[in-house]
Structure formats: C-alpha cells, structure tokens
Amino acid sequence: MSIRVRFAPSPTGDLHVGGARTALFNWLLARKHGGTFVLRVEDTDGARNTAEAAAGILKGMRWLGLDWDEGPDVGGDCGPYFQSQRKDLYDAYFKKLEDAGRVYAEPDGAMRFKFSRTAITVHDLVCGDVTFAPTEEPDMTIRRLDGSYIFHFVNVVDDIEMRISHVIRGEDHLSNTWKHIDLFNAFGATAPTYAHIPLILNPDGTKMSKRDEGSAIEHSYMHAGFLPDAVFNYLCMLGWTPKAESEKLSRAELTALFDADAIHSSNAKFDLKKAQWFNAQYLRELSPADLLQHARPFLTASGLQWTDDAMAAAAVHSVREKVSLLTELPEWVHYFFREDFPFEADVVTKLKAKPENASLLKAASDQLAQAAEWTEQSVHDAVEAAAKALSVKPGAMMPLLRFALSGQSRGPGVTTIAHLIGKEKTISRIQRATAEALCA
RNA sequence: GACCCCUUCGUCUAGCGGUUAGGACACAUCCCUUUCACGGAUGCGACACGAGUUCAAUUCUCGUAGGGGUCGCCA
C-alpha cells in the first residue's frame, strides 16, 4: 500500500509553527517512502475562512520548501482540494449514514451522528494504544442546519476519498480521534494509521497562539530574517531526535532519517535562541551570491542601493559570521554602499580623547595613497609601514581606520573593508572622518 | 467536572535495570584576535514527589503533584 499523507489546514489565519511542523512531518514521511503529500484546505466554515489566509498558508509552505503532490494549484486525482467545493461528495456520504440509520435531526434541523457507544482504541504511532471507554458525550452534530458539514465529518470523508494512509497531526486531536474512528467504522472504511505529535508551547509553557513571538511563519521567520532551511531543521528538532551525530541536518538527511515512531510524546517549548543558532549556522555556509540573494530584500528595505552585485555579495559575505539573522545585515554593511554613513557618537568621543589620533590617521592615509596596487595585502603593508615610521603598533592604527572607513568600531577586517571599497574611497573617507569627526 | 496525553540540566534532548546520567542551545571564564564575531577549551547545571517490584531503579508498576489537551451547529 502506498503512503499517502495530507496536511489539512483551515484558512483562518497565517501558517503557524505548529501547523508548519505538522506539515513538515507529513512531508518527510511521504518523501522518505516515495509517497504522496496532499494539501487539502479545510474551508468549511465560511464565516471564518478567508482567501488571504489560504494564500498565506500556501506561501508559507512554499517558503519552507514543503511542496505538495496534490492540492491547490497542482491538482490531482482526488480533487477538488478545497472542502468548500466538495459538497456533493459529502451529501453522498451523509446519505450512507442516513441509510444506515446513524443520523437523526435536531428539532431545528441540524443533523447528529449516532455514536456507537462502544470502547474504541486508537492505535497511535506516537502515543501507543489509547483506549476510550464507551462515550457518554451527546451525539455529535455533523451537519449544520444550513446544510454545511462539520469538521469531524468532512475530515473523515476526505481521508477515505483521498485514500490517506497515515495521519500525522497535533496531539490536540487525540481526544477526538475515537469519534473519527467511529465514523470510519460507520462507513465500513479502515481508519488510517495515526501519529499524534506533541504540541509546541511558549517558553513559559503556555499554549502558543497566533499572537505569540515565534508563532507565525511569515511574520516571525520570513520577515524576521530566517532561512527556510534553518527553520525546517529547527522545527524537526522540536519533538523528534534523529539518530545522528549532529543536530544540523540537511533536508535529504532528515528525510532519510525520519521515523514517525521516534517522535516524542511530550510537548516541547519553543526556543528562539536555538532557532537563531541554526540560522547562523546556515547563513555562514551560503556562497556570496546565495547570501546576497537572501539578503537583497532586507538590504533594499533599509534603503541600501548598489549596481555592482559582486561587490555587494562580497560585502555581506564579509560579515556572515557576525549575524544570525538576515535582518541584522544592513547595520553591518551599510557603509559599503554609501559615503554619508554616520559616525557612531561614542566612538567619536573615545577617539577624540587622544589628540594624536588625527596625525596617526594622516600618516596612514599618506602611506595608503602611495600604494601601487590595491589588495588586502598591500593595504596591510601600507598600514604597517605607516605605523613603523611613527613607532607605534599597527594595532593602534586599525581602530582609527575602521572608524574612518565605517563609522563603527566593529566589523570585518579593516583591510577587507579598504580593499572592497577601493583606494579612492578609502582616502576620501579618511579625509571626511578627519574633517567631520576628529577635528578639535 | 469527566476523559486523554505528558514529566531528565533554564530550554531541546540521549538513556530503553547496574553510566563519573551524555550532547546541543543559553549563560560564565579562558585561549585565539586590529574590532565585533567565528572557532577552541573549561565551567555551571537535571532524573517532580511517594510507595512497590528487584540484589539493583532515571529506566518497570501504582499513586500524588504539576503541565498540556479534549469534551462546539471552530478546525
């Protein structure tokens, strides 16, 4: 039997980390076994669903690289993939229940499913066998008076129709799974294999909701400067530990290692710091061109412009080990792109305290101006020569040059900055710094 | 209230009867270093509690406490 899994979000809001990880695990199971990953939009609640939310969820899925084999935009043999377009099918299944005498009407017309009221055991890959005693709950409503159907009903019908073999979903569904099995039984269908995964909690242990930090994929990750691979990797580590030496694993490795049986059964708290650590790891491995590609929207958003991509790529690449999020990049590289960068006040104060700094800078500038070629090595040699002539260490000159060239007291190597901006700008920036910041 | 799931360093976790209880993130210190980082080293730091089973429990069983979830004409 081929493996067919599905991710079935309800478009009531943005893609949430919990949902993203659910989708992720389903995707991993499908990819590992060469199965099919279905995306089904559960939009039966017209009052709460919006087209924007549906589009947002698809966008988030694509960003994370969770491609689906059947679903919106790609189609498939079991469509349509929006529940709002499957009413005829639901009516037909409802008729089956009606013929079997398993439904009855409420006074107002809503329809209820008559529970079997027998003990029902859920065979769960994560939680083991969980048996629910014959229920004393009221029979559940499956069709509203307006004729639309309720989640439990459509969810089961679609899982049957779409031949879903495994259902990996949040543990919040475990308590209702017996109702689904009761429905599968009523239809004479075999229930899929279940795997209820633990929930992702806030750092304080409370349930993570849409408003919480780190909850929305688009807002907290896409726009916050995360790389899809890093988020993908981090989310996997929440509730599952691959049998591997490192926690940093590629999609291919994660796919090969995936084992639904090994998913934990206890909830996990979200840790933004660790997510950022993963991001920093992935950021550093990017080639200059790839890094620039990811950084571009963040750079332009902060007003930086350039015409030379190679130079821009080299600039961001030079600070790749200093940031953990793409959003931090602009403040680290802005001076590569403009001549009117600000001089940080506290650095100015510090450097002004020593009057001799101005002459030191002048000496360095004169020496650099004489450089025949312009490489990191030649810049280094020029600074060293200037320092030697004045009997000071090169280390005394570097902070001054860094300040003159960037307005800051931290950043990539001074020689790297000088080399990248070129000789002309190096000299003019030193003049500007001397005139605007270091003059008495 | 009823039912269900869960419980190892601050966090994510390894462990599947006998371990100096291991790793990662975070934090601290040191080293490296023209800055900031990176990297390296070291340190800090946990088996919720109580019974039982056993020669031996973090590991098995039960109970207690705590956390989470479900009980909708939401999904």
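Within every chain, numbering begins at 1; the chains are lettered A, B, ... in the order of the sequence lines, protein sequences first and strands thereafter. In this text the structure is predicted, and so the values were computed from the model without any measurement.
For the C1' atoms, the distance from B:G15 to B:U7 is 15 Å, rounded to whole Å. Look at the C1' atom in both B:U13 and B:A21: the space between them is 13 Å, to the nearest Å. For the P atoms, the distance from B:A46 to B:G10 is 7 Å, rounded to whole Å. A gap of 15 Å separates the C1' atoms of B:C49 and B:G67, to the nearest Å. For the C1' atoms, the distance from B:G17 to B:A56 is 7 Å, rounded to whole Å. Straight-line distance between the C1' atoms of B:A48 and B:U58: roughly 12 Å, to the nearest whole Å. Between B:C30 and B:U20, the distance separating the two C1' atoms is 25 Å to the nearest Å. Annotation: B:G72 and B:C60 have their P atoms spaced 35 Å apart (nearest Å).
OP1 or OP2 of B:G72 has not a single side-chain nitrogen or oxygen of A:R144 nearer than 4.0 Å. Contact check, A:T44 against B:A75: a side-chain N or O comes under 4.0 Å of OP1 or OP2. The side chain of A:K269 places no N or O atom within less than 4.0 Å of a non-bridging phosphate oxygen (OP1 or OP2) of B:U13. Taking 4.0 angstrom as the limit, A:N176 places a side-chain polar atom (N or O) nearer than this to OP1 or OP2 of B:C71. Proximity of A:R410 to the phosphate of B:C38: no side-chain N or O atom is located under 4.0 Å from OP1 or OP2. At the phosphate of B:A75, neither OP1 nor OP2 sits under 4.0 Å from any side-chain N or O atom of A:H152.
Atom pair A:D271:CG and B:C9:P shows a separation of 14 Å (rounding to whole Å applied). Distance CG (A:D261) to P (B:C16): 17 Å, rounded to an integer number of Å. What separates CZ of A:R40 from C1' of B:A75 is a distance of 11 Å, to the nearest Å. Protein atom CZ of A:R117 is 14 Å distant from nucleotide atom C1' of B:A2, rounded to whole Å. Rounded to a whole Å, the CE atom of A:M398 is 15 Å from the C1' atom of B:C36. Rounded to whole Å, the distance from CG on A:D139 to C1' on B:G72 is 14 Å. Between the CG atom of A:L272 and the P atom of B:U11 there is a distance of 16 Å, rounded to whole Å. Atom CZ of A:F82 is separated from atom C1' of B:A75 by 16 Å (rounded to the nearest Å).
The pairing partner recorded for B:C36 is none, the criterion being a Watson-Crick or G-U wobble arrangement whose two distances lie under 3.5 angstrom. Taking a pair to require two hydrogen-bonding distances under 3.5 Å in either a Watson-Crick or a G-U wobble arrangement, B:C27 pairs with B:G43. Across the strands present, B:C49 finds its partner in B:G63; the criterion is a Watson-Crick or G-U wobble pair with both atom distances under 3.5 angstrom. In this structure, B:U70 and B:A2 make a Watson-Crick or G-U wobble pair, each of the two defining distances being under 3.5 angstrom. Shown here, B:C55 forms a base pair with B:G18; the pair counts as Watson-Crick or G-U wobble because both key distances fall under 3.5 Å.
Under the 6.0 Å distance and 45° angle rule, A:K96 counts as a cation-pi partner of A:Y93.
For B:C36, its base sits under 3.5 Å from the side chain of A:K322 at one donor and acceptor pair at least. Side chain A:K248 to base B:A24: no donor-acceptor pair is found below 3.5 Å.
Each of A:T131 and A:N267 was matched to the nucleotide of RNA chain B holding its nearest heavy atom; the match closer to the 5' end belongs to A:T131. Annotation: of the two residues near RNA chain B, A:W240 and A:S409, the 5′-most nearest-nucleotide partner is A:W240.
Here the side chain of A:D45 is nearest to one of B:C74, B:C5, B:A24, namely B:C74. Here B:U34 is the nucleotide among B:U34, B:C71, B:A75 with the atom lying nearest to any side-chain atom of A:R402. The A:K274 side chain lies nearest to B:G23 when the options are B:G23, B:C5, B:A75. For A:R48, the side-chain atoms get nearest to B:C74 when compared with the rest of B:A75, B:A14, B:C74. Minimum atom distance to the side chain of A:S175 is reached by B:C4, of the listed B:C4, B:A26, B:U34. The side chain of A:W277 lies closest to B:A26 when the candidates are B:A26, B:C12, B:A75.
A side-chain N or O of A:R169 and one of A:T177 form a donor-acceptor pair less than 3.5 Å apart. At a cut-off of 3.5 Å, with distance as the only test, a side-chain donor of A:E253 or A:S250 sits close to an acceptor on the other residue.
Of the charged side-chain nitrogens involved, at least one lies within less than 4.0 Å of a carboxylate oxygen, so that A:D139 and A:R117 count as a salt-bridged pair.
Between A:F270 and A:Y234, the ring planes are perpendicular. Angles over 60° get that label, and only those under 30° would be called parallel.
Atom NZ of A:K59 has 12 or fewer heavy atoms from other residues, nucleotides or ligands within 6.0 Å.
The side-chain hydrogen bond (donor to acceptor under 3.5 Å, both in side chains) with A:E70 is formed by just one residue from the set A:R40, A:R4, A:R6; it is A:R4.
Checking side-chain atoms of A:D124 against main-chain N and O of A:D129 turns up no donor-acceptor pair under 3.5 Å.
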